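Order of the sequence lines fixes the chain letters, A, B, ..., with proteins taken first and strands second; residue numbering starts at 1 for each chain. In this text, all values refer to a predicted model and were calculated from it rather than measured experimentally.
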2 protein chains.
Amino acid sequence: MPKVTIATVADRAGVSRQTVSNVLNTPEVVREETRERVREAITALGYRVSQAARQMRTGRSRLIAVRIEPARDGINGSVLDRFLHGLTDAAAPAGYRVMLYTATDDDGEIATYEDLLTAYDLDAFVLTSTHHGDVRTSWLAERQVPFVTFGRPWGAPDTHSWVDVDNAAGTEAATRHLLGSGHRRIGFLGWPAGSGVGDARRDGWATALSSAGLPSAGLDRAVADGIDPGADAARDLLPSVDALVCASDSLALGALRAARELDHRCAVIGFDDTAVAQAVGLTSVSQPLTEAAARCIDLLAGVLDRSAETRQLLLQPSLVLRQTAP
Amino acid sequence: MPKVTIATVADRAGVSRQTVSNVLNTPEVVREETRERVREAITALGYRVSQAARQMRTGRSRLIAVRIEPARDGINGSVLDRFLHGLTDAAAPAGYRVMLYTATDDDGEIATYEDLLTAYDLDAFVLTSTHHGDVRTSWLAERQVPFVTFGRPWGAPDTHSWVDVDNAAGTEAATRHLLGSGHRRIGFLGWPAGSGVGDARRDGWATALSSAGLPSAGLDRAVADGIDPGADAARDLLPSVDALVCASDSLALGALRAARELDHRCAVIGFDDTAVAQAVGLTSVSQPLTEAAARCIDLLAGVLDRSAETRQLLLQPSLVLRQTAP
DNA sequence: TTGTAAGCGTTATCAC
DNA sequence: GTGATAACGCTTACAA
């Protein structure tokens with residue numbers, strides 16, 4: 001079949017090419033009757049605008065880029081997967097498509113920005129895994145490239161739009177749940193201080209304990225993420241606790257293993273509600289990833305229109321109850 | 001900074017725009033000395049071709065589309081994630097970028113093809129989750145849209161390029177491993193007949209048994225994928241077996257649970273080497289996903305150049321040994 | 001309200 | 001081997 005362009009549509013509707021373009025971009029400027037005629041021609045011919053041609057004129061590609069990370073320890077990798085799906089889903093109705101890229105570190109990622117921006121005219125970026133001293137955000141901000149982050153700007157000023165999950169609220173809810181079940185000696189397994197996410201998760205636990213009038217001192221351990229480190233730390237902690245809140249499902253899994261080995265009854269709650277949690281019946285804090293992705297697109301739309309100012313959104317996680325802490 | 005186009009480069013190198021274009025696209029036609037001069041100008045100015053402009057002329061976007069599926073039961077979802085990462089990684093050096101889309105069924109996916117093809121001029125598609133009576137491949141083939149599938153064309157003729165993992169070889173290796181460990185009553189937990197992948201996995205198990213002179217009749221069960229169905233089927237099968245090969249990690253997980261409940265010692269091997277397998281120490285058959293992704297890009301490059309004919313690649317999975325079948 | 005004309009950056013064709 | 005010219009499909013002044 002021959003290519004359908006704006007000219008084909010114009011012919012069929014008996015108007016000029018310009019009028020068709022107006023119907024597409026500024027419909028309010030075209031008389032209703034003409035507009036309808038053009039719209040009919042568009043659907044009848046199955047016309048679709050050529051992004052390339054439009055992009056040449058406008059400099060906008062209607063493309064959003066996201067980095068796809070390697071499935072790290074494998075357990076938490078699925079978090080990004082769900083986020084990506086949500087992002088792609090939410091972007092489509094807004095007229096945007098999602099493009100992937102990979103990078104091994106922040107500098108490599110910035111090099112990719114340059115290519116993506118100059119060669120493909122990317123409209124915006126969605127950054128994940130924000131961290132302290134993140135050079136990516138400042139690079140993008142300096143060049144006035146639109147972006148939002150999933151994860152707040154740890155330590156840096158709130159000058160851009162971001163969406164994040166209230167990590168502290170998640171562990172706080174988990175701890176309260178354990179308190180409600182009668183547990184009084186509740187420990188925490190987390191990561192070394194310094195990672196914003198990890199610190200927030202620890203804070204939530206400490207807050208819940210202190211508002212229940214219970215001490216938290218000495219009841220937490222900081223280790224690298226992973227099942228084995230989790231098991232080691234749990235073994236150390238188990239004699240003094242009867243419940244554990246963990247900063248990740250990996251750590252929680254380690255805790256479960258240690259508890260089984262020591263034959264010590266201990267409630268355990270993980271974080272991220274990954275497939276593993278579902279598989280082994282681990283109670284876990286679940287992040288609203290689809291919602292987060294949709295909000296990222298919302299904020300991005302605001303940034304791209306320059307209509308809205310920068311905004312920050314903190315979403316609430318929920319507790320998914322399973323056997324390890326029913 | 002002002003926009004750098006081939007005109008800027010041409011000025012700087014003291015040649016015409018066309019010569020710059022020649023250096024980019026058909027370097028062998030340009031005299032070495034001129035070529036070098038142009039190349040220097042390109043790097044000095046940090047010039048990059050505008051994909052949009054190139055695309056307008058050539059009709060090719062250097063974009064490849066892949067569908068991102070929702071994390072189904074959550075356990076096997078990470079398979080696609082790893083594949084996607086590999087695909088993005090392999091596409092970049094070949095000069096291609098990966099675009100995502102979602103779809104709820106085959107028809108919806110075809111509607112998306114239309115949009116992606118006409119609006120974005122997509123160069124090719126990578127299809128995953130091929131199945132019997134797949135309408136997507138015929139739709140694309142009819143319109144001569146380049147594509148490769150990760151998964152062979154079940155039931156359909158081999159008219160396009162595809163990459164697949166030898167599922168039968170995976171379960172056969174798993175079964176042989178169990179035979180080598182002295183097991184003689186080896187059962188199989190799989191899906192109802194009809195899914196190509198599922199049937200192949202069952203075949204591998206049956207083949208290994210029969211070539212060891214052992215009967216397989218009555219030692220398999222077909223259920224829906226999932227932990228609970230797996231546990232139910234395993235409970236039924238356990239009295240007659242001391243080892244189980246499973247079509248998925250989910251089923252294997254169910255089998256493990258059933259074995260524990262019945263306090264029946266039973267070796268278990270899963271399929272896909274998902275995060276869960278790693279977490280619970282489940283021996284599992286691992287698909288070479290990164291390799292598969294890279295081969296998909298290779299084949300696609302051939303299809304896009306029209307240089308190579310269609311080819312089919314069957315990759316070998318490997319067995320990852322863990323506690324459940326050491 | 002509608003039409004005309006120019007130009008976005010590239011590559012293909014064809015002279016030189 | 002190199003350079004001029006046209007064309008890809010669209011949008012944005014500006015003119016009618």
Checklist entry - Closest nucleotide of DNA chain C for A:Thr34 versus for A:Arg17: which of these residues is on the 5' side? => result A:Thr34

Item to check | A:Thr130 side chain near A:Asp164 side chain, heavy-atom distance below 4.5 Å | outcome: no

Checklist entry - For A:Ile6 and C:dT2, what is the distance between atoms CD1 and C1' respectively, to the nearest whole Å? => result 14 Å

Checklist entry - Within this structure, what is the CZ-to-C1' distance between A:Arg57 and C:dA6, rounded to whole angstrom? => result 8 Å

Next on the checklist: Any N or O donor-acceptor pair under 3.5 Å from the base of C:dT2 to the side chain of A:Arg31?
Outcome noted: no

Next on the checklist: Can you confirm whether A:His85 sits close enough to B:Thr102 that some side-chain heavy atom of one is under 4.5 Å from a side-chain heavy atom of the other?
Outcome noted: yes

Item to check | Closest-nucleotide 5' rank along DNA chain D - winner of B:Ala53 and B:Val15 | outcome: B:Val15

Checklist entry - ring pair (Phe, Tyr, Trp, His ring centres under 6.0 Å) with B:Phe125: which of B:Tyr113, B:Phe150, B:Tyr96? => result B:Tyr113

Next on the checklist: How about CZ on B:Arg60, more than 12 heavy atoms from neighbouring residues, nucleotides or ligands closer than 6.0 Å, or not?
Outcome noted: yes

Checklist entry - Does OP1 or OP2 of C:dG9 have a side-chain N or O of B:Ser50 closer than 4.0 Å? => result no

Checklist entry - In whole angstrom, what separates A:Asn22's CG from C:dG3's P? => result 10 Å

Next on the checklist: Using whole Å, what does the distance between atom C1' of nucleotide D:dA7 and atom NZ of A:Lys3 come to?
Outcome noted: 12 Å

Item to check | Side-chain-base donor-acceptor pair under 3.5 Å for B:Arg54 and C:dT10 | outcome: no

Checklist entry - Roughly, in whole Å, what's the span from CD in A:Gln55 to C1' in C:dG7? => result 16 Å

Item to check | Integer-rounded Å distance: D:dT11 C1' and A:Leu24 CG | outcome: 10 Å

Item to check | B:Glu28 CD - D:dG1 C1' separation (whole Å) | outcome: 13 Å

